[in-house]
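Because the structure is a prediction, the values reported are computed rather than measured.
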Amino acid sequence: NAGVTQTPKFRVLKTGQSMTLLCAQDMNHEYMYWYRQDPGMGLRLIHYSVGEGTTAKGEVPDGYNVSRLKKQNFLLGLESAAPSQTSVYFCASSPPRGEQYFGPGTRLTVT
Amino acid sequence: GEDVEQSLFLSVREGDSSVINCTYTDSSSTYLYWYKQEPGAGLQLLTYIFSNMDMKQDQRLTVLLNKKDKHLSLRIADTQTGDSAIYFCAEPAWEAGSYQLTFGKGTKLSVIP
């Protein structure tokens with residue numbers, strides 16, 4: 001089992017560019033999450049999904065969109081990147097009531 | 001709403017014990033979790049405790065739970081340089097009908113050789 005994987009690992013964008021971060025899990029988990037981690041701020045939930053075809057907003061959803069077309073994949077999109085979106089992004093998955101399994105992270109810099 | 005609270009930094013000497021404290025918000029939480037994040041990596045579950053327990057021991061790790069005060073602690077005995085990491089406590093939360101985890105901001109443990 002690969003667990004939770006994220007692509008890419010690193011990315012540099014210019015302000016206004018768009019990109020999609022891909023998260024994949026092979027544990028057949030129902031729930032998937034996208035977090036961002038910034039110094040001194042801990043983990044903040046961006047969006048989450050409780051099943052294929054469903055998504056919901058978390059604590060800091062503005063400027064991001066998500067899609068869950070397949071159970072194993074959860075995509076995070078930035079339509080027009082801003083410097084404030086410079087962060088480390090983590091994807092996680094879990095069964096409906098259980099521990100979350102995290103990916104290795106994507107380090108994004110927006111210049 | 002209320003936050004899961006942790007101190008941000010802890011520094012200990014190699015071989016000493018480390019104690020990382022956490023205050024959580026919901027006295028009815030069923031499980032409470034400790035995650036570890038090594039530099040440049042994602043979070044990994046370190047240990048957890050069920051709410052009907054006061055203590056759980058797992059090799060060098062001891063988790064203490066005080067439900068009355070909503071206080072959780074993680075003790076690492078004989079701390080090693082490899083224990084240098086950020087430690088997050090997390091409690092379950094129901095948000096909009098779904099089960100989520102609320103994380104503290106993390107305690108950065110630095111081990112001095």
Audit row: B:F103, A:Q37, side chain to side chain contact (heavy atoms under 4.5 Å, CB included) steps and yes/no: CA-CA 11 Å; B:F103 291 86; A:Q37 184 179 30; over 6 Å; no
Look up atom OG1 in B:T30 and atom CZ in A:R97, then write down how far apart they are to the nearest 0.5 Å.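 Answer for the OG1-CZ pair, B:T30 versus A:R97, is 7.5 Å.
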Separation of B:Q44 CD from A:F102 CZ (nearest 0.5 Å):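 Going from CZ on A:F102 over to CD on B:Q44, the span is 11.0 Å.
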Working for side chain to side chain contact (heavy atoms under 4.5 Å, CB included), residues B:T102 and A:L45: CA-CA 9 Å; B:T102 300; A:L45 183 64; over 6 Å; no
[X] atom [atom1]: more than 12 heavy-atom contacts under 6.0 Å:
| X | atom1 | answer |
| --- | --- | --- |
| B:K56 | NZ | yes |
| A:R44 | CZ | yes |
| A:E52 | CD | yes |
| B:K108 | NZ | no |

Treating Ile, Leu, Val, Met, Phe, Trp and Tyr as nodes and any side-chain heavy-atom pair under 4.5 angstrom as an edge, say whether [X] and [Y] lie in one connected cluster.
| X | Y | result |
| --- | --- | --- |
| A:M41 | B:L101 | no |
| A:L108 | B:L43 | no |
| B:L65 | B:Y87 | yes |

Against chain A, label [X] side chain, backbone, both or neither, depending on which of its atoms sit under 4.5 Å from a heavy atom there.
| X | result |
| --- | --- |
| B:F88 | side chain |
| B:L8 | neither |
| B:Y33 | side chain |

Working note: A:Y31 + B:Y99, criterion ring pair (Phe, Tyr, Trp, His ring centres under 6.0 Å); need CA distance, chi angles, decisive distance, verdict. CA-CA 9 Å; A:Y31 284 29; B:Y99 181 94; 7.5 Å; no
Taking every heavy-atom pair that is under 4.5 Å apart, which of A:R107, A:Q6, A:E59, A:Q100 has the most such pairs with chain B?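 Of the options given, most contacts go to A:Q100.
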Could you tell me which non-hydrogen atom of A:F90 sits nearest to which non-hydrogen atom of B:Q37, and how far apart they are?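 Residues A:F90 and B:Q37, closest heavy atoms: CZ-NE2, 3.3 Å.
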Over all atoms of both residues, closest heavy-atom pair of A:Y48 and B:Q100: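 Heavy-atom minimum between the residues: CZ-NE2, 3.0 Å.
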Distance-only donor-acceptor hits, side chain of residues 11-18 of chain A, under 3.5 Å, sequence neighbours excluded:
{"unit_1": "A:T15", "atom_1": "OG1", "unit_2": "A:T111", "atom_2": "O", "d": "2.7"}
{"unit_1": "A:Q17", "atom_1": "OE1", "unit_2": "A:K14", "atom_2": "N", "d": "2.8"}

Less than 4.5 Å apart, side chain to side chain, heavy atoms only: is that true for B:Y31 and A:E99?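 B:Y31 vs A:E99: side chains apart.
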